[in-house]
Amino acid sequence: MTVLAVIEHDRGAMTGASLGVMTAARNLAKQMGTKFEAVTIGANADRLSETISNFGATTVHQAHNPMLIDYGPEAWGESLAQVARKTSPTVVIGTGTERGHEVVAQAAARLDLPAAMNCIEFDKNFDGTQPLNVTRTRWGGSLLEQAAIDAPIKLVTLANHVVEPQEELGSTPATVSTIDVQLDDSVAQSFVQDRVERVAGVTLATSPVVVSGGRGVGSAEAFAPLEELASLLNGVVGCSRAVTNNGWRNHTDQVGQTGTRIAPDIYIACGISGAIQHWVGAMASKNILAINTDAQANIVTKAGYAVIGDLHKVVPAISAEIRRRRGK
Amino acid sequence: MNILVCVKRVPAPGARINITADGQQVDTAFLGFTVSPHEECAVEQAVQLIEKHGGDVTVLTLGPIEAEEQLRTAVSTGATKAVLIPIDTTDWDPQRTAEAIAKVVAELETANGKYDLVLFGNESADSCGYQVGIRTALKLGRPIVNGAKGLEIENGAAKIRRESDAGVEIYKLAMPACVGVKEGINLPRYPTMKGRLASKKVAIARSKAEATTGGLKLITLQRPPERVSNTVILGNGPEAAPAIVDLLEELGILK
Ligand SMILES: Cc1cc2nc3c(=O)[nH]c(=O)nc-3n(C[C@H](O)[C@H](O)[C@H](O)COP(=O)(O)OP(=O)(O)OC[C@H]3O[C@@H](n4cnc5c(N)ncnc54)[C@H](O)[C@@H]3O)c2cc1C
Ligand SMILES: Nc1ncnc2c1ncn2[C@@H]1O[C@H](COP(=O)(O)O)[C@@H](O)[C@H]1O
C-alpha cells in the first residue's frame, strides 16, 4: 500500500505544481499509515530525486527509455501506467495542470481505470481499504462534486494551488529504483516536435493589477482608456468572453473558466456582469473593484468595492486623477 | 477530408449554479443549454479545415434527445452531418461515455470510411473530466494531443500548436488522429442564414451503444462556500475618481 506522486517536469526542471502534489501525497500516506513514493519520467529527471527526498518520499521510481527526452503525452501516460502496474500504488496523484490531467488520463485509459481530476480534498477516514471519496471541482471551480473512486488503483489530479507545499523535516534520501519502461511506435509520434520559447515578462496570469473590460466597453477602440489606466498602474488589460467573442480582443486576454485564472492585488472590472464562468477566473483576486451602470449586477454585489456609473466616464476620470496627483 | 467533432450538451447558468434538492444535478428549470466554448471552437476549426480541403464535418453527441438542439446549432455554423447517441439518464461517467462513443465511431467508419480527424473539446464545460477524448482515442487506436491552440494540415499530418508556461510547443500527428481543442484557437462564426436552413433540414442519425459503467461515481454536488461581501460603494459616476484613487493608494497599488 503506497501513495504515488507523479512529478511534472519540463526537460528535467520540476514545475511548482509538483511540490503541492508531493505534500498532498505525503499527508494522505501518513493518514493511511503508509509511505509516499514518487515517479519521474525520463532520465533527465533523475536529478530531481534530492528535491523529492526533501519532501519525504521513501522511494523514487525513475522511468527510463531512450525515447523519453522531451514531453510526450502518450509516452508519459504509458510510462506511468507501467510503473503503476509494477508498483501497485493505492493512490496515484498527478498535477492539476494541462500536462498533469493529460498524463493521468492517458494512464487511466491504458489501465482501464477511472480517474478524478482537480481534487481539492480526500476523505479524512480513507485507510486504503475502501473506495476513495474525493471532493473535486466542476465547472472550472464554480461547483464541487463529491465522488467515489472504486478501483484497485485510484488515479487523481490535485487542483493547482490548493495545497501549500511543505518540505518534510528530518527527511532522509529516498531509495532510487530504475524502471525500464517498454515503449513502442504507437506512442512515438506525439512528442513535442518543436518549440518557441516565450520572452519573459508580465502576463495576465502574473500581473498584480488587471484592468478588465466586458461587453459594456462596446468596441475594440473603446478599450483605449482601459489600456491607459492599466499602464498608469503598471498592469495589464483583461476582458470577458463577450469581448473575445465579438473579436474586440484576443483570447489571451480572457479571464474565466475557459480563459485565464488570475489572482492580482486588484482586479478592476469595467462593464462586466460577473457571470459565474467569469467570476471563477477572477475570484482569487485580493481586491475587486467593479465599475458598472447596474447596481444589481452580480459583480457589483460580489466585489469588495464598486462604483455605479458609465465606465466611459469613470475610467478616464481615474486616469486624470492619478495624473493630477502625480503632478503631470 | 472527413472530420468528426464530439460535443456535449450542458446547461448555461448565469450568475450562479443551482443544484436540485437531491444534489444529483444542476437545476436547469430556468436555464438554456449550450456546449463548452472549447467544443464550439472545435466545430469552427473543423469547418475551416473542410472549407480549405473539402469534405464533411459530422457532429456527434451522447446525451438526451434534447441534445439535437446542440447538433442543429453546430450545423447552423457549418457542420454537415449529425449523430445522436441517445441516453435516458442525465450523465454517463467518462469511461462509459468513451466506450459508447468509440463503438459508434467504429460503426460509422465501417459504413462511411475513416475520419481523418476526430476532435474533442479540451474538457467538457460541466464535468471538466479532461479524459473522454483521450479514452476514446486509445480505443480507436489513434494518437491524441490535448490543448490545441492551433491545428492545420501539413503534408498529410495534423500539425498542432499548444501553449505552455515556457512558450509554444508543436506536435505532428499522422492522420487518422484525434485532437483536444481549446478556446482561442479561432473565433467561432455566428449561424448564417444558409446554415440556419440547413440545420432545420439536416437528418439526425441515431446510434445505439451499450457500454459498461465506470468506476467514478457521483455522490453529491454542492456549491462552494460563497464569499460574503459587503460591497463598499465608492460613489456614482466620474465624481468617484478621487475616492477610487484614495483606495488605490491605501492598497499600495499606486506608488
Ligand atoms: C462553459 C462556459 C464557459 C465560459 N467561460 C467564460 C470565461 O472564461 N470568461 C468569461 O468572461 N465568460 C465566460 N463564459 C460566458 C459567460 O457566461 C458570460 O456570457 C460572459 O462572461 C458575459 O460577459 P460580460 O459580463 O462582458 O457581458 P454581459 O453579461 O452582457 O454584461 C455587460 C455588463 O456591462 C454593464 N454595462 C453596460 N454598459 C456599461 C457602461 N457604459 N458602463 C458600465 N457598465 C456597463 C452592464 O450593466 C452589464 O453588467 C462562459 C460561458 C460558458 C457557458
Ligand atoms: N456526452 C458526450 N457526448 C459527446 N462528446 C463528449 C461527451 N462528453 C465528453 N465529450 C467530449 O470529450 C471532451 C472531454 O470531456 P470531459 O472528459 O468530460 O472533460 C469534451 O470536450 C467533448 O468533446
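Quick note on labels: first sequence line is chain A, next is B, and so on, each numbered from 1.
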Check whether [X] gets within reach of chain A through its side chain, its backbone, both or neither, counting any heavy atom under 4.5 Å.
X	value
B/Lys149	side chain
B/Ser164	backbone
B/Ala174	both
B/Leu187	side chain
B/Pro94	neither
B/Glu249	side chain

For [X], is it the side chain, the backbone, both or neither that has a heavy atom under 4.5 Å from a heavy atom of chain B?
X	value
A/Thr258	both
A/Asn118	side chain
A/Asn234	neither

Just checking [X]: does its [atom1] atom have more than 12 heavy atoms from other residues, nucleotides or ligands closer to it than 6.0 angstrom?
X	atom1	value
A/Asp185	CG	no
B/Glu210	CD	no
A/Lys313	NZ	no

For this session: Would you check, one step at a time, whether the test salt bridge (charged side-chain N to carboxylate O under 4.0 Å, His left out) holds for A/Asp194 with B/Arg161?
Result: CA-CA 10 Å; A/Asp194 200 0; B/Arg161 219 183 110 255; over 6 Å; no
For this session: Check whether the side chains of A/Glu145 and B/Gln222 place a donor and an acceptor atom closer than 3.5 Å, and report yes or no.
Result: no
Exercise. How far apart are the C-alpha atoms of B/Glu169 and A/Arg99, what are their side-chain angles, what is the distance that settles it, and do they pass the salt bridge (charged side-chain N to carboxylate O under 4.0 Å, His left out) test?
Worked result: CA-CA 12 Å; B/Glu169 299 165 352; A/Arg99 285 188 179 182; 2.6 Å; yes
For this session: Indicate yes or no: does A/Arg325 engage B/Asp246 in a salt bridge with an N to O separation below 4.0 Å.
Result: yes
Problem set entry | ring-ring contact (aromatic ring centres under 6.0 Å, His included) partners for A/His251, two or more places apart | none
Contact winner vs chain A - [options], heavy-atom pairs under 4.5 Å:
options	value
B/Pro13, B/Gly133, B/Ser124, B/Gly141	B/Pro13
B/Gly252, B/Pro238, B/Ala98	B/Pro238
B/Asn122, B/Asp165, B/Asp93	B/Asp165
B/Lys182, B/Arg162, B/His38	B/Arg162
B/Ile185, B/Val10, B/Leu254	B/Leu254
B/Ala241, B/Pro143, B/Gly214, B/Ala240	B/Pro143

What closest approach, in Å, do [X] and [Y] show between heavy atoms, and which atom pair accounts for it?
X	Y	value
A/Ala105	B/Gln131	CB-CB, 3.9 Å
B/Gln95	A/Asp112	NE2-O, 3.6 Å
A/Phe191	B/Tyr171	O-CD2, 3.5 Å
B/Pro224	A/Gly141	CG-O, 3.8 Å

Check whether any side-chain N or O of [X] sits under 3.5 Å from a backbone N or O of [Y] as a donor-acceptor pair, and report yes or no.
X	Y	value
B/Thr231	A/Ala303	yes
A/Gln277	B/Ala125	no
A/Glu102	B/Val145	no
A/Arg136	B/Cys128	yes

Measure the [atom1]-[atom2] distance between [X] and [Y] for me, rounded to the nearest 0.5 Å.
X	Y	atom1	atom2	answer
A/Glu78	B/Leu138	CD	CG	8.5 Å
B/Leu216	A/Asp150	CG	CG	10.0 Å
B/Leu247	A/Ile268	CG	CD1	8.5 Å
B/Leu248	A/Ile318	CG	CD1	7.0 Å
B/Ile160	A/Ser190	CD1	OG	9.0 Å
B/Glu226	A/Met283	CD	CE	10.5 Å

Problem set entry | Verdict with reasoning, B/Tyr130 to A/Val104, per side chain to side chain contact (heavy atoms under 4.5 Å, CB included) | CA-CA 9 Å; B/Tyr130 294 87; A/Val104 169; over 6 Å; no
Exercise. With B/Glu40, which residues qualify under side-chain hydrogen bond (donor to acceptor under 3.5 Å, both in side chains), at least two apart?
Worked result: A/Arg241
Could you check if a side-chain atom of [X] sits within less than 4.5 angstrom of a side-chain atom of [Y], using non-hydrogen atoms only?
X	Y	result
A/Trp139	B/Ser127	no
B/Val26	A/Leu143	yes
B/Ile233	A/Val307	no

For this session: Show your reasoning for whether side chain to side chain contact (heavy atoms under 4.5 Å, CB included) applies to B/Leu251 and A/Ile266.
Result: CA-CA 9 Å; B/Leu251 297 175; A/Ile266 191 161; 4.1 Å; yes
Looking at [options], which makes the most heavy-atom pairs under 4.5 Å with chain B?
options	answer
A/Ile149, A/Val314, A/Leu289, A/Leu113	A/Leu113
A/Ala148, A/Ala275, A/Gly309	A/Ala148
A/Gln189, A/Lys302, A/Gln106, A/Met117	A/Gln189
A/Glu98, A/His278, A/Glu197, A/Arg110	A/Glu98
A/Val209, A/Leu233, A/Asp10, A/Asn245	A/Asn245
A/Ala297, A/Ala200, A/Gly304	A/Gly304

For this session: Mind running side chain to side chain contact (heavy atoms under 4.5 Å, CB included) on B/Leu221 and A/Leu144 for me, showing each step along the way?
Result: CA-CA 6 Å; B/Leu221 295 174; A/Leu144 301 180; over 6 Å; no
